[in-house]
There are 4 protein chains.
Amino acid sequence: MRGETIEQIFHSAVEVFAHSGFERAKIDDVARHAGVAKGTIYYHFKGKEELFVALMRDGMEKMTEQIHRQMGREPDPLRRLRALLQAQVEYLYEHGTFAKLLLSESWGSVERQQEFRAKIRELVELIEEVLIQGAEEGSFRPQMSHHDTAVAMFGAISVSVLQDLFSPERTGTREERVAGLVANLEKLFVDGVVVSKGKT
Amino acid sequence: MRGETIEQIFHSAVEVFAHSGFERAKIDDVARHAGVAKGTIYYHFKGKEELFVALMRDGMEKMTEQIHRQMGREPDPLRRLRALLQAQVEYLYEHGTFAKLLLSESWGSVERQQEFRAKIRELVELIEEVLIQGAEEGSFRPQMSHHDTAVAMFGAISVSVLQDLFSPERTGTREERVAGLVANLEKLFVDGVVVSKGKT
Amino acid sequence: MRGETIEQIFHSAVEVFAHSGFERAKIDDVARHAGVAKGTIYYHFKGKEELFVALMRDGMEKMTEQIHRQMGREPDPLRRLRALLQAQVEYLYEHGTFAKLLLSESWGSVERQQEFRAKIRELVELIEEVLIQGAEEGSFRPQMSHHDTAVAMFGAISVSVLQDLFSPERTGTREERVAGLVANLEKLFVDGVVVSKGKT
Amino acid sequence: MRGETIEQIFHSAVEVFAHSGFERAKIDDVARHAGVAKGTIYYHFKGKEELFVALMRDGMEKMTEQIHRQMGREPDPLRRLRALLQAQVEYLYEHGTFAKLLLSESWGSVERQQEFRAKIRELVELIEEVLIQGAEEGSFRPQMSHHDTAVAMFGAISVSVLQDLFSPERTGTREERVAGLVANLEKLFVDGVVVSKGKT
DNA sequence: AATGAATGAGGCTTCATTCAT
DNA sequence: GATGAATGAAGCCTCATTCAT
């Protein structure tokens with residue numbers, strides 16, 4: 001079938017890269033994991049770098065796509081924010097491998113890393129839009145910088161997911177864990193930590 | 001001064017490791033940067049790994065120390081939170097190199113990475129304590145999980161700093177940038193994004 | 001025409017091999033240049049080596065053929081020498097690609113290289129015969145070793161052509177260049193460089 | 001001692017490169033032949049290419065040097081020509097390995113090859129100067145192009161040497177072989193092949 | 001304390017060749 | 001006849017580490 005091998009390599013590459021990081025990952029391992037010869041990888045991809053970049057591009061695309069799908073056409077900003085939160089946590093949790101790469105391979109001056117930061121910026125902008133919309137409608141507090149706030153939220157989300165994924169003592173099913181993280185983040189973002197005098 | 005050479009190596013190592021990440025960094029580069037022979041590094045450190053770990057340990061120590069210093073004995077939880085925020089952002093911003101390493105070299109199963117996560121946990125616990133204290137005093141809203149909230153806050157802080165450091169188009173002095181980030185994070189954490197009916 | 005594909009491959013192979021030399025040349029490039037799939041080349045030729053040898057054989061054959069044609073039945077040794085010179089320079093200049101391969105791929109102990117030297121010997125023998133004929137008729141000075149002299153002449157011819165082909169600053173049409181080279185070589189071979197007392 | 005290892009590598013590299021040509025030669029073989037580890041070669045040379053170029057540069061330098069030495073201050077053009085011939089043949093014969101590389105690795109567009117051709121040009125110019133000097137003094141026949149003639153002579157010399165070196169059936173001591181080649185070339189260059197009417 | 005030459009395991013990549021379609 | 005995906009042996013190069021001085 002068309003692209004079956006490529007699919008296989010792709011899949012294995014995610015595993016291997018996520019397990020070891022870009023530098024530590026060995027093409028040999030990707031090949032073994034994919035059940036193909038080393039040369040086959042080079043037949044389909046120009047090299048380690050290209051394979052990795054293709055991978056991350058794909059991951060980002062799918063993530064953005066899924067988030068859009070889950071947010072749907074919900075008009076209410078608060079509900080939109082919740083949906084986005086849910087979607088993002090869910091995806092990152094599901095693809096922890098990808099989450100890890102995103103956070104660890106995005107800081108630096110190598111070209112690839114700049115591209116990754118650009119991708120992150122896309123995610124951030126998704127959040128930003130919601131914040132702006134909410135502020136315009138008056139249901140969200142106006143921010144000094146919607147962009148900076150969005151960045152902070154993205155950081156909170158991704159690090160929360162990663163910290164959870166790498167916690168040895170975590171319990172419960174994935175669904176429960178995700179629900180917990182989402183609820184927690186939602187609480188923080190929506191209400192802040194301080195007791196507001198006007199609320200019960 | 002005692003250990004001038006060691007100091008030199010240490011300093012250069014921070015630069016080089018931060019610029020390239022652990023794997024990409026070359027002992028050769030550290031040596032050249034420090035103006036010593038390669039052998040000298042191995043005379044003072046057991047190896048690349050040890051040098052790096054010593055580095056990170058040192059960075060974390062100094063960070064914790066500085067944060068403690070800046071938080072002082074402030075009893076009011078909200079002010080404590082603000083001081084902590086200010087201290088953490090300031091330190092990470094100042095030592096962006098360290099911030100980068102912390103975020104990119106902490107996710108994985110290599111022993112060193114586990115140690116880093118433990119260090120992160122220390123930072124998180126600093127935040128956590130403030131949250132708990134605030135909740136006990138009644139000025140902070142009780143959280144589902146103070147720990148998770150603290151993690152989220154740490155993520156927000158560190159990613160905000162990194163994103164800012166790696167933004168090519170950022171303007172203003174460092175002090176201004178830091179102040180902006182702090183204010184923004186404070187706003188988010190303290191009040192959340194939603195307009196609460198009881199506030200003006 | 002019969003063997004159109006083969007013809008295509010052959011033609012492309014000359015180009016590619018000449019451009020890169022035997023080792024550097026890639027079957028992939030030959031295939032791309034010929035507009036066929038890589039497998040097709042292996043369908044028609046046993047391998048890289050065979051393709052190359054076939055090529056060189058063909059080149060030598062055509063060269064010998066053309067030289068014979070141009071020398072015709074000229075009985076006078078001096079005129080024969082001139083015709084041979086003209087023919088050889090012309091052919092090598094025209095097929096510089098071939099000339100290059102001949103000079104660069106003929107020295108070594110690989111079987112193929114021995115075969116090439118044998119081919120060169122054929123060319124040398126063409127020259128040798130003329131020298132011997134001339135010596136027998138008395139119009140040529142007797143040589144210590146007609147064979148060695150013939151080799152030297154071949155070297156002079158081929159290197160002259162190559163040096164000219166690879167001179168970036170050469171000017172004039174091909175015909176002019178060839179005529180120049182021929183005239184020069186003729187002068188050298190026929191008269192030597194020393195002024196003989198008996199000549200004007 | 002200073003540079004002993006480098007000397008060793010150099011020497012081995014000549015052997016290996018000459019035996020196999022640039023592409024076929026393996027750094028591994030050079031290392032084994034030199035009795036050092038592979039890494040040692042890379043400690044002293046940037047890579048295969050640099051090693052090779054350094055080699056050829058060195059070879060050309062020594063050759064030019066030796067030729068200059070042997071030609072000395074001889075004022076008479078004819079004797080100068082003979083000395084040069086003798087020196088060049090002697091050197092190439094002695095360093096057949098180098099001769100082979102010179103002739104086989106000099107034709108192409110790779111930068112290194114351009115450098116080699118430049119080196120060849122130096123040799124050619126040595127010859128050219130003698131020709132010009134002789135022509136000015138009136139003892140040499142004026143040439144259409146002294147440069148082209150010099151090139152032809154260089155070609156005759158180098159190919160003669162190589163052909164001889166690779167002749168399986170050659171007999172006699174090296175000195176005899178060299179003497180034969182020199183005499184033959186001298187005869188060809190000095191007098192040409194044609195019987196001049198004015199000589200006995 | 002410091003040096004830097006030497007090492008060699010390890011990883012990336014190339015490319016001639018095969019073979020099922 | 002022709003294809004092109006797949007292979008894997010082979011080779012170049014890197015770099016952490018060692019050690020004699």
Side-chain angles (χ1 to χ4, degrees), chain A residues 2-6 8-9 23-31 34-51, chain B residues 3-6 8-9 22-32 34-52, chain C residues 3-6 8-9 22-32 34-52, chain D residues 2-6 8-9 23-31 34-51:
Chain A
R2 289 270 48 210
E4 204 171 294
T5 305
I6 292 185
Q8 196 49 241
I9 293 174
E23 299 290 347
R24 262 187 146 70
K26 286 174 274 182
I27 288 291
D28 246 330
D29 289 342
V30 177
V36 301
K38 210 184 332 189
T40 307
I41 294 182
Y42 284 90
Y43 182 76
H44 292 290
F45 298 89
K46 228 175 169 179
K48 192 181 179 182
E49 182 93 17
E50 185 180 290
L51 175 56
Chain B
E4 206 171 297
T5 304
I6 293 187
Q8 196 48 244
I9 293 173
F22 178 76
E23 298 291 347
R24 260 187 150 72
K26 286 174 272 184
I27 291 293
D28 248 326
D29 289 342
V30 176
R32 201 171 309 127
V36 301
K38 210 181 342 185
T40 308
I41 294 182
Y42 281 88
Y43 181 76
H44 291 289
F45 298 90
K46 216 175 171 186
K48 188 181 180 182
E49 184 92 18
E50 185 181 288
L51 175 56
F52 185 54
Chain C
E4 206 170 298
T5 304
I6 293 187
Q8 197 48 244
I9 293 173
F22 178 76
E23 297 291 346
R24 261 187 149 72
K26 287 175 271 183
I27 290 292
D28 248 325
D29 288 342
V30 176
R32 201 172 310 125
V36 301
K38 208 180 346 183
T40 308
I41 293 182
Y42 282 87
Y43 181 77
H44 290 290
F45 297 89
K46 216 174 171 186
K48 190 183 180 181
E49 183 93 17
E50 185 181 289
L51 175 56
F52 183 54
Chain D
R2 290 271 47 212
E4 203 172 294
T5 305
I6 293 187
Q8 196 47 243
I9 293 174
E23 299 290 346
R24 262 187 147 71
K26 286 174 273 183
I27 289 290
D28 248 329
D29 289 342
V30 177
V36 300
K38 208 188 329 191
T40 307
I41 294 182
Y42 285 92
Y43 182 75
H44 292 290
F45 299 89
K46 229 175 170 181
K48 190 181 179 182
E49 182 94 16
E50 186 180 290
L51 175 55

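Numbers restart at 1 for each chain; the letters A, B, ... are given by sequence-line order, proteins then strands.
For A:Lys48 and E:dG10, the NZ to C1' distance is 12 Å, given to the nearest whole Å. We find that CD1 of C:Ile9 is positioned 9 Å from P of F:dT3, with the value rounded to whole Å. We find that CZ of A:Phe45 is positioned 11 Å from P of F:dA6, with the value rounded to whole Å. The CG-C1' distance, from A:Leu51 to E:dC12, rounds to 13 Å in whole Å. D:Asp28 places its CG atom 13 Å from the C1' atom of E:dT7, with the value rounded to the nearest Å. One interatomic measurement links the two molecules: NE2 of C:His44 to P of F:dG1, which rounds to 7 Å at whole-angstrom precision.
Nearest nucleotide to the side chain of B:Lys26, out of E:dA2, F:dC15, F:dT7: F:dC15. The side chain of D:Ala37 lies closest to E:dG8, out of E:dG8, E:dT13, F:dC12.
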Q) So what is the 5' to 3' dot-bracket string for DNA chain E, if pairs are Watson-Crick or G-U wobble with both distances under 3.5 Å, crossing pairs use [ ] and | means the partner sits on another strand? A) .||||||||||||||||||||
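C:Ala31 comes within 4.0 angstrom of no nucleic acid atom, judged by non-hydrogen atoms across all strands.
Partners of C:Phe52 according to the ring pair (Phe, Tyr, Trp, His ring centres under 6.0 Å) rule, which considers only residues two or more places apart in sequence or in another chain, are C:Phe17, C:Phe22, C:Phe116.
Expressed to the nearest 0.5 Å, how far CD1 of D:Ile9 lies from NE2 of D:His44 amounts to 5.0 Å. Interatomic distance, OG1 of C:Thr40 versus CD1 of C:Ile6, reported as 11.0 Å (0.5 Å rounding). Taking CD1 from D:Ile27 and NZ from D:Lys38, the interatomic distance works out to 9.5 Å, rounded to the nearest 0.5 Å.
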Would you tabulate the pairs of protein nitrogen or oxygen atoms and nucleotide nitrogen or oxygen atoms of nucleotides 18-21 of chain E closer than 3.5 angstrom?
none

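Comparing B:Ile6 and C:Ile27 by the nucleotide of DNA chain E that holds the closest heavy atom to each, the one mapping nearer the 5' end is B:Ile6. The nearest heavy atom of DNA chain E to D:Ile41 and to B:Thr40 marks one nucleotide each, and the one closer to the 5' end goes with B:Thr40.
Of the side-chain N and O atoms in C:Thr5, one or more sit less than 4.0 angstrom from OP1 or OP2 of F:dA2.
Considering all non-hydrogen atoms of both residues, A:Lys48 and A:Tyr42 come closest at N-OH, 4.5 Å.
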